[in-house]
Each structure stands twice: as structure tokens, then as C-alpha cells.
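Since the structure is predicted, the reported quantities are computational estimates derived from the model, not experimental observations.
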Amino acid sequence: MKLTFTNEQEMIRNMVRNFAQHVVEPAVEQMEVEDRFPREVVRQMGELGLLGIPIPEKYGGAGMDFTSYIIAIHELSKVSAAVGVILSVHTSVGTNPILYFGSEEQKERYIPKLAKGEYIGAFALTEPSAGSDAGSLKTRAVKEGDEYVLTGSKVYITNGGEADTYIVFARTDPEAGTRGISAFIVEKDTKGFEIGNRERKMGMHGSSTVQLSFDQCRVPASQLLGNEGDGFKIAMANLDNGRIGIAAQSLGIAEASLEHAVRYAKGREQFGKPISSQQGILFKLADMGTEVEAAKLLTYQAASRLDEGLPTGKVASMAKLFASRTAVACAIEAVQVHGGYGYTKDYAVERFFRDAKVCEIYEGTNEIQHIVISNHLIKE
Ligand code: CAA
């Protein structure tokens, strides 16, 4: 594993950092207050090629490595974790299932549009009674002639209502457990497919999270991804990669929390000197810095393994588990360092505090990461 970035990776880091400062940062206030999806920011991300970083040039992407994509999520999330998750879900679980499991026709039809940002992607796995136990999902897909008829509902769908394509998981065989689940590409205007309520969330304002319903929704059989019964494995395999994206997002929040805490501590004076000279504060900063560095190593190690074609299931879960915990811990400490000011909306650490929590929940709760990691350890 290399501990330094290549010239190309440094280039993307500088480009995204610049974009985050000049385009994302000015949009944050409106995203926070109005909880509005940052269409214009996402449009510009598409123009810059950020919505297709690890997608081969053949399909309209930038043809860069996965590490470069992780760098982009990390840098964006230092400024806006909501923009970070829009990119992560769009790419890891909205586009990659088609890239890895789609037919050539499906790839040619959808990937160039997704990679260029003409389309936004979403992933619809979770249901009201099937969250951590994703394999118990109930949405049905019944084959009728050359169509599948989908009936059911989904919840907590990131990018929902804004996306053009949804990777939807539905049960084609009710008797076959996780082997009876299939994946479909469903376009937003398909008859019988409705966008439901938008969740009012604690944080991640600007990122949309909605319910979906399928009522006799007819999807051409050509929209089936892979074979019937492949759905659960498609979901799990893409979540393995997706979790590295959420680790990078968590890392962004943690690092931003540290940077804001250091800056504030140096400028804030109490008892006649900066609080950065008080051991109580310094020790907090030392712990935060150490945890951020460890989260960085785990996250980039997972990305680098993926680039080398090595298995990532275990390390992706480890990275997500550790980085999301670090995001929460660092955001809490950053608020503490800011004292009363940190509890107000005048300081970004209040937002980091609210944004961090969901990193321990989505794309598999930390409890699920423990299951995945321990399963790997036992098998090894
Ligand atoms: N890759 C490929 N195949 C896998 C796999 C993986 N990572 N993990 C499991 N499988 C396969 C198994 O090999 C098994 O195959 P066979 O039938 O051939 O034996 C099959 O899938 C079933 O495996 P399990 O028995 O291990 O499945 P399980 O029902 O016990 O569930 C679980 C395992 C890890 C708990 C899984 O349900 C899980 O990951 N749950 C969390 C769901 C989740 O992460 N949801 C996130 C929603 S998306 C989201 O949050 C996006 C967002 O908004 C940001």
C-alpha cells in the first residue's frame, strides 16, 4: 500500500478542494436552511467529471482509479457531507451496479449519462420492515410476459426524488430467501412508480431522503440487472465498495472538525491566553488528530486494495466502522472546544455534529459492520 498520492491523485485533490471552497461552501447555508438539493452544485460536478471519476472512459467517465474517487468524497465532505453522500450514493451504489453487473446494452444506455451527470443515480434496498435485515425485503416483482410488475415500498432512499435511475431490489421468488431477490434499473417516470414523503432529518440537509412506492409498476424485462436471484449479491457487493465512500465522507467530517477546533482554539482567549495553550484542550486535539490519521489510513487502505483488485469486504467495513465513529467523536469534541459558540448555528461544528451521526447508520449500521467484520475474521 502506497502512503503517498500519485500526481494524478494530487491533481484531483487540488481540483476538488478548490471546487469545494468556491462552489460548495457558498451553497451550504441555503442547503442548511431550506434543506434543498444543491442542483446547481451537482450540475457543475457533472461538468467537471466528478460524477464519473472511476467510470471507464469508454462509458463517458474520467477513467481514474477508485482512490481518486475516494479523495473527491473526502475533500467535498470536509465542506459539505451532504454533497459527499450525493456523490457517493450516485457512484458506488447508483452507477457501479450497472457497470459491474449490467448487460452491454444497459451499460451503453445508462452509464454515459450517469458518468456525465445528465442522470443522477439512486439505490433502493431498504424497506419499512427490512433495514439491517435487507434479505427480508418484501417488494415483489412478478414476471408477466416481457415485463416485471413491481409492488411494494422503499424508505430512506438517498438522492430519491432527484434521481433519474433507481437500482431497485425486489423479490422474484418468495420461497428462495436472499436467493429470491432480483435487481432492476427503474427510470424515474415509470408508470406506477411514485416518490413519497421526503424525510426531515437531523442533519445532511440538502441531501434528499425519500420514500418510494411501486403500485403495479411495469418494468421491461430488459431492465433486470444480471439474472433473476442475483439481486442480494449485487446489493452486498456494491455496498462493500459503497462503505469505503461512507468512510471517506466520515473522514471528511472528522478532519473538518479537527481543523475548525484547532483554528478556534488558537484564536479564543480565556484566562489571558489562547485556550490552545490549555492542556485540557490540547489533549482533545491530540486525540482527534490521532483518530483522524488512523481513519485516513484505513479508508485509503481499503480504496487502494480495491484498485489492486484485492478483496475489500472486511477492510471496507473496518474503515466505515472506525471512520464513522471518529466522525462522531471528533464532531462532539469540536463542539466542546468551541464551548457555547459551538452550540450555535454560527459555527460549522454544530452542523458537523448533526451530520456525523448518520455515518454510523446508513450503508449498514455499525452493528452490521461488526457482523461483517467478525464473519470475515472467523472465515479467515
Ligand atoms: N458480496 C457478495 N455476496 C455476499 C456478500 C458480499 N459482500 N455478503 C453476503 N453475500 C452472499 C452470501 O455469500 C450468501 O450467498 P449464498 O446464498 O450463495 O450462500 C448470501 O449473500 C446471503 O448472505 P448472508 O446469509 O450472510 O446474508 P444475511 O441475510 O445474513 O445478511 C448482512 C447479511 C451483512 C447482515 C446484510 O443483510 C447487510 O449488509 N445488511 C445491511 C444492509 C445495508 O447495508 N443497507 C444499506 C442500505 S443502502 C444505504 O444506506 C444507502 C444510503 O442511503 C447512503
Mind jotting down which residue pairs meet the side chain to side chain donor-acceptor pair (under 3.5 Å) criterion with at least one end in [range]? Sequence neighbours excluded, please.
{"range": "residues 84-97", "result": "Tyr69-Ser92"}
{"range": "residues 37-50", "result": "Arg39-Glu162, Glu40-Arg43, Glu40-Gln44, Arg43-Glu47"}
{"range": "residues 174-184", "result": "Thr172-Ser182"}

Query raised in the report: Taking only residues two or more places apart in sequence or in another chain, which ones pass ring pair (Phe, Tyr, Trp, His ring centres under 6.0 Å) with His260?
Result: Phe352
**Report entry** Counterpart residues, ring pair (Phe, Tyr, Trp, His ring centres under 6.0 Å), relative to Tyr100 (two or more places apart)
**Finding:** none
Requested in this report: Output all residues satisfying side chain to side chain donor-acceptor pair (under 3.5 Å) with Lys357, sequence neighbours left out; order by chain, then residue number.
Outcome: Glu360
Query raised in the report: What residue pairs, at least two apart or across chains, pass salt bridge (charged side-chain N to carboxylate O under 4.0 Å, His left out) with a residue in residues 58-67?
Result: Lys58-Glu104
Report task. List, by chain and number, the other hydrophobic cluster members for Leu212, where Ile, Leu, Val, Met, Phe, Trp and Tyr join if side-chain heavy atoms come within less than 4.5 Å, directly or indirectly. Result -> Tyr148, Leu150, Ile157, Tyr166, Val168, Phe184, Val186, Phe193, Ile195, Val210, Phe214, Val219, Leu224
Query - salt bridge (charged side-chain N to carboxylate O under 4.0 Å, His left out) partners for Lys266, two or more places apart - result: none
Requested in this report: With sequence neighbours excluded, tell me which residues meet salt bridge (charged side-chain N to carboxylate O under 4.0 Å, His left out) with Glu293.
Outcome: Lys296
Below 3.5 Å, can you tabulate the donor-acceptor pairs from side chains in residues 235-246 to any protein atom, sequence neighbours excluded?
unit_1	atom_1	unit_2	atom_2	d
Asn238	ND2	Ile234	O	2.8
Arg243	NE	Glu363	O	2.7

Under 3.5 Å, which donor-acceptor pairs link side chains of residues 110-122 to any protein atom two or more places apart or in another chain?
unit_1	atom_1	unit_2	atom_2	d
Tyr110	OH	Glu187	OE2	2.4
Tyr110	OH	Gln223	NE2	2.6

